[in-house]
*Asks:* 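This is the structure I have questions about; it appears just below.
Positions are given from 1 along the sequence. Only a predicted model underlies this, so the values are computations on that prediction, with no experimental measurement involved.
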Amino acid sequence: MLSRLLAALGMIALTTGIVLRVQERSKLRAARLLSEDSELFSSSRLQLSINLLRRRHPEFVADTTLTVRQTIALVIGIGFVGLCLAVSVNLTVVVLVGLFIGLYLTALLVRIQIFQLGLSKKGTVAIADDKARSFPADLLPAYTVLVPAYREPEVCSRLVENLRALDYPPDKLEIMLLLEADDHETIAAAVEAVGDSPIFSIVRIPPAEPRTKPKALNYGLVQARGELVTVYDAEDRPDVLQLRKAAIAFFSAPDDVVCLQAKLDFFNPQQNLLTKWFTLDYRMWFGELLPGLVQLQAPIPLGGTSNHFRKSVLMEIGGWDAFNVTEDADLGLRIYRLGYRTGVLESTTLEEANSDFVNWIKQRSRWYKGYAQTLLVHLRDPEAFRRDVGIRGMLLACLFVGGTPLLAAMNSFFWTCVIVWFVFHPHFFLAVLPTLTYFLGLIAWVIGNAVIMYGWLLSAQKAEDKLIVASLLSPIYWIMMTTAAAKAFLQLLTAPSYWEKTQHGLDTLVETVEAPAA
């Protein structure tokens, strides 16, 4: 009897062990399959983040600087100029100088018109603070905030604190910190800063080329749950009501308005002379030029942050171009070409003004390179461009987007020519500057610089910022812009998709300053 009982217990133990081993193997197999599925999903999402635009609108991908047709046109153009120089050097130089001065003057006059319209302040959408606060929370849409960061552990705690201050229903808000998987220091700092907050998620992006901000944004976009999506940079301090204001503005906006660009300003304008110049530059750009473009119903080159989108349309038009180093400007033009519109939201995000000269040159040259890159992309098929936006829209895009690096590149050259003429009166200038060309150049120099100086003085009106002296010293800043433009055009030929990282956290203000409500 005892032997039978022991045998039965042994059989039960053996059977139980087999069952447990089978269950354990099943669990391990399930875990392995789940891991494989997760890795497969992550890899698929990575490929989609790189090729989202290529799948929707491959003609807009900036992975090639010049198409074969553009290269042929460029070679023919250079060859024609060379032939003209061989026939008559003097006449060719006269014509080229006249063309450059005419182009410069035209781009300048367009900017003056845009600036004048922007002074009316009619090109912005304003939502009062009390209306934003009192709007029923249950009517607000789900919102996703995308925050790409790379090698920026020093700003993580401030970033999380600033974004926690956003006034939006927590159950309708997700904030995705988009970090490179091999950027261990930033990930560790972000994990510590986020803690157990339910509105934050840390998204690790698998290492892959191109290592660009737009690729990171697409990686977050394809998994975003919000009906509306916005982008903030790692050092941003947005207006705490900005999400509410954007959501309310979208409710009342026409369906073709798919993007709202909030205004950008700086929290460290007093750090040094460079930050003062940068502040004046931004205030004119976001305060007058972008609202002026809205009134002209022209394409809006977006800023790199604080732009708010309807997610469904953003996915439809291909998200951000992973190969464009000013993905924001390209997206603004693409929105316009595909039949949609952008508005300017009367709400301010504070950023860190670049306080280091070398860092500023890297950042500004990337912007100029991206503007030139964007225009080349959209001019691959000039006839299609014209069909999409009309002759007027095409000219405005060329003169504003292309004119931004062009004016910067040519401004100091013309300043130098003026100084050389008044000091030395070289005979060569008389030979290449006929009377009409000379006076057009003089008008461009006098009126252009006067208008820009006037705009900067208007931007310096806040007495507490003490920017008047900096605005009067702005010609030095224009020389810096020329340096950045020269570097941009050189790099456009040698490294068109290279993304030069802008270092943040250089400001001397360490306390978190609440952004203004409007």
Side-chain angles (χ1 to χ4, degrees), residues 110-129 131-132 143 145 228-233 236-266 279-310 313-314 317 326-351 367 371 374 389 393 396-397 400-401 404 455 458-459 461 515-518:
V110 168
R111 287 200 165 222
I112 290 173
Q113 183 189 12
I114 294 169
F115 174 72
Q116 183 182 15
L117 289 171
L119 290 175
S120 68
K121 305 300 181 185
K122 294 180 181 178
T124 58
V125 180
I127 305 294
D129 290 1
K131 180 179 179 180
Y143 226 120
V145 176
L228 299 179
V229 174
T230 190
V231 178
Y232 290 125
D233 282 341
D236 283 359
R237 303 176 183 181
D239 164 14
V240 296
L241 295 173
Q242 190 172 111
L243 301 188
R244 282 180 170 267
K245 290 179 180 180
I248 297 168
F250 274 123
F251 274 123
S252 57
D255 290 341
D256 64 344
V257 176
V258 300
C259 175
L260 292 170
Q261 172 67 64
K263 294 183 176 181
L264 303 179
D265 205 339
F266 296 117
T279 300
L280 292 168
D281 195 3
Y282 251 44
R283 287 182 183 173
M284 186 173 177
W285 184 269
F286 289 97
E288 282 82 37
L289 294 180
L290 293 193
L293 286 172
V294 170
Q295 292 182 72
L296 279 177
Q297 297 184 355
I300 310 293
L302 302 176
T305 175
S306 305
N307 24 56
H308 304 257
F309 304 94
R310 302 185 196 268
V313 179
L314 184 56
I317 65 178
T326 49
E327 78 296 335
D328 39 15
D330 167 68
L331 181 54
L333 261 67
R334 202 165 358 115
I335 286 171
Y336 186 77
R337 284 194 66 171
L338 297 175
Y340 299 106
R341 289 194 294 141
T342 297
V344 175
L345 182 66
E346 191 62 52
S347 175
T348 302
T349 296
L350 296 180
E351 294 193 304
W367 292 355
Y371 270 48
T374 294
V389 304
L396 285 171
F400 191 79
V401 176
T404 295
L458 285 179
S459 301
Q461 282 183 332

*Asks:* So which heavy atom on Thr305 is nearest to which on Glu351, and how close?
*Replies:*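 So the minimum-distance heavy-atom pair works out to CG2-OE2, 2.9 Å.
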*Asks:* Would you please test Leu314 and Val258 for side chain to side chain contact (heavy atoms under 4.5 Å, CB included) and show each step?
*Replies:* CA-CA 8 Å; Leu314 184 56; Val258 300; over 6 Å; no
*Asks:* Indicate yes or no for a side-chain donor-acceptor contact from Arg310 to the backbone of Val257 under 3.5 Å, with no hydrogens or angles considered.
*Replies:*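 At least one qualifying donor-acceptor pair exists.
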*Asks:* When you measure from the side chain of Thr349 to the backbone of Arg237, do you find a donor-acceptor pair of N or O atoms at a distance under 3.5 Å?
*Replies:*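 Pair absent, no side-chain N/O of Thr349 close to backbone of Arg237.
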*Asks:* If we ignore hydrogens and angles and just use 3.5 Å, is the side chain of Arg244 paired with the main-chain N or O of Ala132 as donor and acceptor?
*Replies:*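 Side chain of Arg244 to backbone of Ala132, a donor-acceptor pair under 3.5 Å: yes, one is there.
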*Asks:* Taking Thr342 for the side chain and Leu260 for the main chain, is one N or O donor matched with an acceptor at less than 3.5 Å?
*Replies:*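 Answer holds: no.
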*Asks:* So which atom in Pro299 and which in Ala397 form the shortest heavy-atom distance, rounded to 0.1 Å?
*Replies:*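 So the minimum-distance heavy-atom pair works out to CG-CB, 3.8 Å.
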*Asks:* With side-chain hydrogen bond (donor to acceptor under 3.5 Å, both in side chains) as the test, would you mind laying out the steps for Thr404 and Arg111 before giving the verdict?
*Replies:* CA-CA 10 Å; Thr404 295; Arg111 287 200 165 222; 2.4 Å; yes
*Asks:* Would you say the side chain of Cys259 lies within less than 4.5 Å of the side chain of Leu302, judging by non-hydrogen atoms?
*Replies:*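 Result yes, sub-4.5 Å side-chain heavy-atom pair found.
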*Asks:* Got a sec, which pairs hit salt bridge (Lys or Arg N to Asp or Glu O under 4.0 Å) with one end in residues 288-307, sequence neighbours left out?
*Replies:*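 Counting only pairs at least two positions apart or across chains, the salt bridge (Lys or Arg N to Asp or Glu O under 4.0 Å) contacts touching residues 288-307 are Lys121-Glu288.
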*Asks:* In Å, rounded to the nearest 0.5 Å, how long is the span from CD1 of Ile335 to CD1 of Ile317?
*Replies:*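 So the gap between those two atoms works out to 4.5 Å.
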*Asks:* Answer whether the closest heavy-atom distance between the side chains of Thr374 and Glu327 falls below 4.5 Å.
*Replies:*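 No, too far: nothing below the 4.5 Å cut-off.
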*Asks:* Is the shortest heavy-atom distance from the side chain of Phe115 to the side chain of Leu289 under 4.5 Å?
*Replies:*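 A side-chain contact under 4.5 Å exists here.
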*Asks:* Could you go through the side-chain hydrogen bond (donor to acceptor under 3.5 Å, both in side chains) check for Asp265 and Thr348 one step at a time?
*Replies:* CA-CA 7 Å; Asp265 205 339; Thr348 302; over 6 Å; no
*Asks:* Hey, what do you get for OG1 (Thr124) to CG (Leu290), rounding to the nearest 0.5 Å?
*Replies:*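 The distance works out to 11.0 Å.
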*Asks:* Does any non-hydrogen side-chain atom of Leu345 lie less than 4.5 Å from one of Gln242?
*Replies:*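 Counting from C-beta outward, Gln242 and Leu345 do come under 4.5 Å.
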*Asks:* Any non-hydrogen side-chain atom of Pro301 less than 4.5 Å from a side-chain atom of Trp285?
*Replies:*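 Sidechains of Trp285 and Pro301: in contact.
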*Asks:* Hey, mind stepping through Leu241 and Ile127 against side chain to side chain contact (heavy atoms under 4.5 Å, CB included) and telling me if it holds?
*Replies:* CA-CA 10 Å; Leu241 295 173; Ile127 305 294; over 6 Å; no
*Asks:* OG1 of Thr326 to OH of Tyr371: how many Å apart, nearest 0.5 Å?
*Replies:*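 That separation rounds to 7.0 Å.
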*Asks:* Between Tyr340 and Arg334, is there a donor-acceptor pair closer than 3.5 Å when you use the side chain of the first and the backbone of the second?
*Replies:*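 Not a single qualifying donor-acceptor pair exists.
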*Asks:* Work out which heavy atom in Ser120 is nearest to a heavy atom in Gln295; give both atom names and the distance.
*Replies:*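 Heavy-atom minimum between the residues: OG-NE2, 3.2 Å.
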*Asks:* State the CZ-CG distance between Phe286 and Asp281, to the nearest 0.5 angstrom.
*Replies:*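 The CZ atom of Phe286 sits 9.5 Å away from the CG atom of Asp281.
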*Asks:* Could you check whether any side-chain heavy atom of Asp328 comes within less than 4.5 Å of a side-chain heavy atom of Val231, counting everything from C-beta outward?
*Replies:*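 The answer is no; the side chains never approach within 4.5 Å.
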*Asks:* So how far is it from Phe400 CZ to Leu293 CG, rounded to the nearest 0.5 Å?
*Replies:*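 Nearest 0.5 Å value for the CZ-CG distance: 4.5 Å.
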*Asks:* Would you find more than 12 non-hydrogen atoms of other residues, nucleotides or ligands less than 6.0 Å from Asp256 atom CG?
*Replies:*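 Yes, the 6.0 Å shell around CG holds more than 12 heavy atoms from other groups.
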*Asks:* Restricting to non-hydrogen atoms, name the atom on His308 and the atom on Ala262 that form the minimum distance, rounded to 0.1 Å.
*Replies:*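 Looking at all heavy atoms of both residues, the shortest contact is NE2-CB, 4.5 Å.
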*Asks:* So, for Lys245 and Asp129, which heavy atoms are closest and what is the spacing to 0.1 Å?
*Replies:*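 Smallest interatomic distance, heavy atoms only, reads NZ-OD1, 2.9 Å.
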*Asks:* Quick check for you: to the nearest 0.5 Å, what is the distance between Leu243 atom CG and Ser306 atom OG?
*Replies:*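 So the CG of Leu243 and the OG of Ser306 are separated by 9.5 Å.
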